[in-house]
Amino acid sequence: MRSLPLAVALAGFVLVAGCVDADRAQEVAPPTVRAGGSTPAAQTAGAYSKEGWFGGADGLHARVDVKGVERQASKSVLRYSVTSLDSAAKSVPFEIAIVDPVGRKLYKPTGTTSGEGFTPGTTRQMAAEYPPLPASVQKVTLITPGTAGEFTGIPVTSGTGTPSSAPTTTPTTTPPTSSTPSSTPSSSAPSVEAEPSVGAEPFMATTPSSLTTPSPSTSTSTSPTPSTGAQSGNPADLYGIVEGENGTVASSGSGVTVSLGGDVLFETNSAKLSSRAKAALDGAAQEIKTKAARALTFEGHAGDQKLSQERADAVMKEMKSRLGDDFTYTATGKQGGNGLDISYQPKTTAAGSGTPAAFRAQDGETVKTLTARFGADKRRMEVKPFYRDGAYLVAVFDIVNEGPGTTPPDASYPNTTYPGAVFGSFSVQASGGKDVYRAVRVGPAVPGSPSAYVDPGRAVFRTAVDQPVRGFVYLPAPPGDVTSVTFDAGPFGKAEKVPVS
């Protein structure tokens with residue numbers, strides 16, 4: 001199965017270079033964002049403005065100006081404009097996700113977007129509808145499908161345009177240059193079609209086969225066909241992934257799953273606990289006592305159903321002896337994999353963590369430079385200062401193709417453990433810490449299917465030599481007042497002491 005990059009999940013892009021022929025049928029998604037007509041000339045940049053490349057590789061060069069998000073009775077409305085800075089007319093639907101970085105939720109637009117014929121030098125007014133934001137949400141982050149990336153600190157106002165809280169719009173870093181990330185294509189890597197039809201599917205659809213493009217004759221907002229996987233919720237929970245010595249914890253505001261490897265817990269092809277199991281279960285029990293509500297679910301994994309159930313029963317028995325009667329216990333077996341998952345709801349889901357970042361028009365100066373070879377070609381990564389946005393740490397970088405060849409349009413930097421993440425091989429560690437912080441996943445994992453992650457959705461927006469491509473990825477923020485981290489950039493190697501603001 002092909003991996004599904006966030007670009008596919010995030011933006012229903014079909015690029016059509018040159019003039020738009022009104023008599024020729026084009027493969028575009030129906031509009032769910034209402035777009036006004038193009039103005040005769042481009043408008044000036046606003047307070048929340050970024051320039052970048054959007055769509056597929058070598059897509060539309062444009063500036064996005066965000067006006068804000070309006071809170072209305074039954075929905076939220078994002079208002080923004082797109083100014084084409086390109087030299088040719090192109091069709092690039094914009095489908096933007098809203099992230100609540102404190103509440104750890106992602107809001108998808110209620111359908112796909114069709115924006116045909118962005119004419120050079122003109123501005124198009126756009127509006128997109130989303131599920132209603134809670135009254136407590138005062139600022140959000142927008143995830144745009146291009147090198148402009150994340151728009152942090154966007155104020156949420158009332159339906160009349162009155163700010164729910166005073167916006168803070170001070171830019172704090174280097175203009176996001178459209179960079180050119182890439183990576184060697186891999187069978188396990190998230191990939192996109194060579195002809196850029198990036199994101200023609202609804203956000204977070206679980207498999208390419210379930211993604212259908214509604215009839216182009218539709219001219220008003222329509223909801224996309226819901227995907228059949230667990231990721232189809234709107235809003236969707238965001239899961240921070242932290243790899244520890246004995247297992248991996250994926251946590252959102254409403255659920256936590258502790259995944260313990262079979263090689264840690266069990267003897268080979270057995271439900272008998274290994275000599276290493278005690279330390280792993282002791283650590284899990286301590287976390288559960290501190291953080292979990294009453295119900296605990298144990299799901300065993302092995303090559304057959306019988307052994308899977310036996311493993312779940314064995315671990316449940318051990319945890320009962322540690323936790324007592326303050327919890328309820330359910331054990332199930334699921335064929336496939338090797339290990340055990342313990343799932344629970346946190347004691348409280350109301351309070352978020354952290355503070356939304358202010359809007360950042362610039363990324364700051366390069367703090368570290370890394371290089372890597374991909375076959376005969378060489379690429380350079382220019383690491384920018386990282387920063388916090390609510391519960392998350394945002395890693396920011398440019399990737400520059402040094403040649404001699406062009407960057408493959410479907411290049412990415414995957415990790416087979418996290419299919420769908422274009423920067424899945426990237427992670428951070430706090431100084432002196434052992435935990436590894438991975439990309440933030442959108443929704444619960446669906447076994448055998450790629451997931452969406454909070455990143456640009458693809459790694460390549462420009463393919464030529466010496467053209468930087470800006471990239472970013474959201475990661476769980478390490479606890480405490482961390483002022484620097486070690487950045488593991490996968491094939492590029494590690495950058496020590498990357499500053500965090």
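Atom CG of Asp100 sits about 10.0 Å away from atom CG of Leu106, to the nearest 0.5 Å. Between the NZ atom of Lys347 and the NZ atom of Lys291 there is a distance of 11.0 Å, given to the nearest 0.5 Å.
The only member of Val77, Leu78, Val69 that meets side chain to side chain contact (heavy atoms under 4.5 Å, CB included) when paired with Tyr130 is Leu78. Across Phe359, Tyr80, Phe151, a single residue satisfies ring pair (Phe, Tyr, Trp, His ring centres under 6.0 Å) together with Tyr48, and that is Phe359.
Residues Leu133 and Val140 form a side-chain contact, since some pair of their non-hydrogen atoms from C-beta on lies under 4.5 Å apart. Looking at Leu238 and Tyr392, their side chains come closer than 4.5 Å, going by heavy atoms from C-beta outward. Under the 4.5 Å side-chain criterion, counting only non-hydrogen atoms from C-beta, Ser451 is not in contact with Val442. Looking only at side-chain heavy atoms (C-beta outward), Phe461 and Pro456 come within less than 4.5 Å of each other.
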Which atom pairs, donor and acceptor, lie under 3.5 Å between side-chain atoms of residues 479-498 and protein residues at least two apart or in another chain?
from: Thr486; atom 1: OG1; to: Glu496; atom 2: OE1; distance (Å): 2.8
from: Asp488; atom 1: OD1; to: Gly490; atom 2: N; distance (Å): 3.0

Would you please test Tyr387 and Val396 for side chain to side chain contact (heavy atoms under 4.5 Å, CB included) and show each step?
CA-CA 8 Å; Tyr387 67 96; Val396 183; 3.9 Å; yes
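In this structure Val242 satisfies the side chain to side chain contact (heavy atoms under 4.5 Å, CB included) test together with Asp435, Tyr437, Pro476, sequence neighbours excluded. Under the side chain to side chain contact (heavy atoms under 4.5 Å, CB included) criterion, Ser136 pairs with Pro134, not counting sequence neighbours.
In this structure, Thr122 contributes its side chain and Phe118 its backbone to no donor-acceptor pair below 3.5 Å. At least one donor-acceptor pair closer than 3.5 Å links the side chain of Ser252 to the backbone N or O of Gly255.
Between Arg104 and Asp237, no side-chain nitrogen of the basic residue sits less than 4.0 Å from a carboxylate oxygen of the acidic one, so the salt-bridge criterion is not met. Salt-bridge formation is not detected for the pair Arg379/Asp377: no Lys NZ or Arg NE/NH1/NH2 atom is positioned less than 4.0 Å from an Asp or Glu carboxylate oxygen.
Note that Arg441 lies in the cation-pi zone of Tyr239, set by a 6.0 Å cut-off to the ring centre and a 45° limit from the axis. The side-chain tip of Arg438 does not point at the ring of Tyr418 from less than 6.0 angstrom away and within 45° of straight on.
Between Phe423 and Phe397, the ring centre distance stays below 6.0 Å.
Note: Tyr474 and Phe472 have perpendicular aromatic rings, judged against thresholds of 30 and 60 degrees for the angle between ring planes.
The neighbour count for Glu402 CD, taken as heavy atoms of other residues, nucleotides or ligands under 6.0 Å away, is above 12.
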